[in-house]
Structure formats: C-alpha cells, structure tokens
Number of protein chains: 2
Amino acid sequence: MEFILLLVSSLLLTARAAASNPVLDVDGNELRRGHLYYASSVRRPGGGLTLAAPNASCPLNVAQAPFYDYSGRPLAFFPENADDDTVQEGSTLYIMFPEPTACPQSTVWTLDREAGFVTTGGTTSSAIGPHNSRFAIRKAGDAYQVKVCPCSTGVHQGSCRMGCVGSLGLIKAGESVLLGTNSERPHTIMFVKVKQATATR
Amino acid sequence: MEFILLLVSSLLLTARAAASNPVLDVDGNELRRGHLYYASSVRRPGGGLTLAAPNASCPLNVAQAPFYDYSGRPLAFFPENADDDTVQEGSTLYIMFPEPTACPQSTVWTLDREAGFVTTGGTTSSAIGPHNSRFAIRKAGDAYQVKVCPCSTGVHQGSCRMGCVGSLGLIKAGESVLLGTNSERPHTIMFVKVKQATATR
C-alpha cells in the first residue's frame, strides 16, 4: 500500500514537474507570451522561419527562410492557458507572425491537414473538439521541436482528449522548404529573442 | 523672382517639416514600428480600442473597449514606407492588433467601405490603386485622429494620387461602439506605450 502511494505521488510530482518546465531561449530566459523570437534552425546551414507564397497565392505557408534572410521573421507565442505568461513545454499554444502581410488571413499558424503543411489563417476558436491551430513545444536535446496537438494540454478544461499527433518538419516543395507534418525528421529549433521589441526589421 | 524663390523654398521646407513630424506617445516618445500601444480615448469616460463581434460573426469589428476593459487591446503600427522605423504624421501605415483571435482573418485594420466600419482582414497587398487598409495619423490639438487614406503618402512611389477621404469616429451600433468613417466627429486618441513588451495581458 505504501509503495503504491509512493508510486502515485512520485508520478504526480513527475507530471507536475513536466507540466511546469518553461521553454527557454538561447540566453536561458523563459519564452514570454507575445514577446518576439526568431525560430533559429539547429542544423547548419539553415535559416529561421518565415512566410512564403510557393504558389503565389493566399493563404501563405510557413517556410524556412532563404539564405539571404537568415533570421527569418519574428514569431510570438500565445499559451492557450490565459493564466500562463510564459511558454511551458508540452502545453498547447498559438504561434503567430505578428505583422501585416499581403494576404487577408490571420498570421496565426494552422495545419492544413489535407496538404500536411502549416499555413496562415489560424484561430483560437473555442469550438469544442480537435483544432488545427494548436501546437506545443517539446524539448529535443538542447533544443526544441514543435508538436501538432489538436486537443488542449495544460489548460484547466481540455477541449478533447486525443494526444499530440506528430511533429513538424521541413519538406522540400519546388523552390521552397515548407513546414509541415514530418514526424520522421522533426525540425529542431532554438529561440533567439528579437533584441528590439519590434515586430519587424 | 527672389520672392518666388523664397516662397518655393519656404513651401518646400514646410512640406519637409510636415512630412517628418513623428507621432508621439503620451510620454513624448516617438511611436515605433511594431511596438505596442494602447489607443486611449481623449474624451472621458471612454475606453481604448479593442475587437468586438457585434453580430457574433467574423470578421471582427474595431470597437471602443467597454468600461471593464478600459485600456483596450495593444495595437502595433507599421509604416508603409519600409525605411521608416517610426510613425510619421500623415504618412500611410497599417494598424494591427498583434494577437490571435477566434476569427481566421488577419487582425490588420481595413475599412469595409459599404458598411463604413473598420474590421479585421486587412492586407498590405501591393496592388496598384486605392486600398482599404491604408490609414494615416494626424495631429488634432494635443492628441491624434486617424484618417482614411486609400492612396499611399510618405512612400517613395505612391500607388495612386487621391488624398485622404475622411476620418474615423465612433458609431453606436446596438450594444457596441464601433470605429468607422465619421468625419464630422472624429475619434481623438492618445498613444500609451504598453509597459511590458508583450502583445497581451
């Protein structure tokens, strides 16, 4: 009986610790809600993340920045749990390029499930059930990967109970290198804080 | 002849001065590209600007914040002239609420010309000609008003040559107070820098 209690409390502690691990930037500081970061590639050479229009149409795709735009565009992270001011490993969040574009869609990431690519046009819609704009950040060695998590984690009341369904990786598509579901070769990134508190260059 | 030269150079100087007047926040600092500000109402009582769904549908409307959300939501300003890192009086810019919403449209302001209201879904589309997402900030006493400017001003090559076509004001619509074209009673605002460099609370 004592052993079971010990096991349960140890499991609870582990779960709590896991739930409260903040995601850190390259300087070791916690990722904060709405602040600006570049998602720098761990693999060299390789640029940060940006927006691309591989078919010259809207919505835009999330893509790896070409060599002449090495940092990519600033990103902001918004934990789904409104009480979280910092980004926690494994908790669902919304990811956004906080700047205007030539397209009418929101610059919030969403997974186009049919095509398997991450595009713009995401929402925080509170509809119950799976949701294509929910992602989570998981540690991978000293860096991080982005998981596709249609159901909320780390919020007080989850919208559904399915686990995360894979990881995002880079996929070559013509001239572009697009972000999409690629669990076999997840894209590994580090977060570099944008020095000026500005959304663009 | 001398008089004409003097007049011309004086006019040129005036034009230059007018073109390079930075918009200031309530602390007297220049408004910077992509930084976060509340658009506080000069008239009291009156909240800042926020997003509202008066018909419980998308796209959202830009509206005055109700009394329980006094500051409203942070806004970011993006001068159309990519070289401008600060907001200049009278130069066209894009205005954005840099945070995710429940709607798939961008959170960039655009004028719904038929209804006369400012909604989300704006773009920086580089199509030649008038454009519903271009606005400009003009001084009004010690504060500022927002003008509707379909054609670019303050950029190297304007897209068209029409002047600004009116000002934005508040319009009561049911329970909501929406932002729309109301040149007879323009809404007068001040810019309050968001202390934390964060897009949401």
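Between the B/Thr123 side chain and the A/Thr101 main chain, no donor and acceptor come within less than 3.5 Å of each other. Put simply, the side chain of B/Ser125 never gets that close to the backbone of A/Ala102: no donor and acceptor are under 3.5 Å apart.
More than 12 heavy atoms of other residues, nucleotides or ligands sit less than 6.0 Å from atom CG of A/Asp27. No more than 12 heavy-atom neighbours from other residues, nucleotides or ligands sit within 6.0 angstrom of CZ on B/Arg43.
Looking at every heavy atom in both residues, B/Pro98 comes nearest to A/Phe78 through O-CZ, 3.5 Å. Considering every non-hydrogen atom in both A/Cys103 and B/Ser106, the closest pair reads O-CB, 4.4 Å. Smallest separation of non-hydrogen atoms from A/Met96 and B/Met96: CE-CE, 4.0 Å.
Your options are A/Pro104, A/Cys58, A/Pro59, and the one with the most heavy-atom pairs under 4.5 Å with chain B is A/Pro104.
Under the side-chain contact (heavy atoms from CB on, under 4.5 Å) test applied with B/Pro100, the options A/Thr107, A/Val108, A/Ile95 reduce to a single match, A/Val108.
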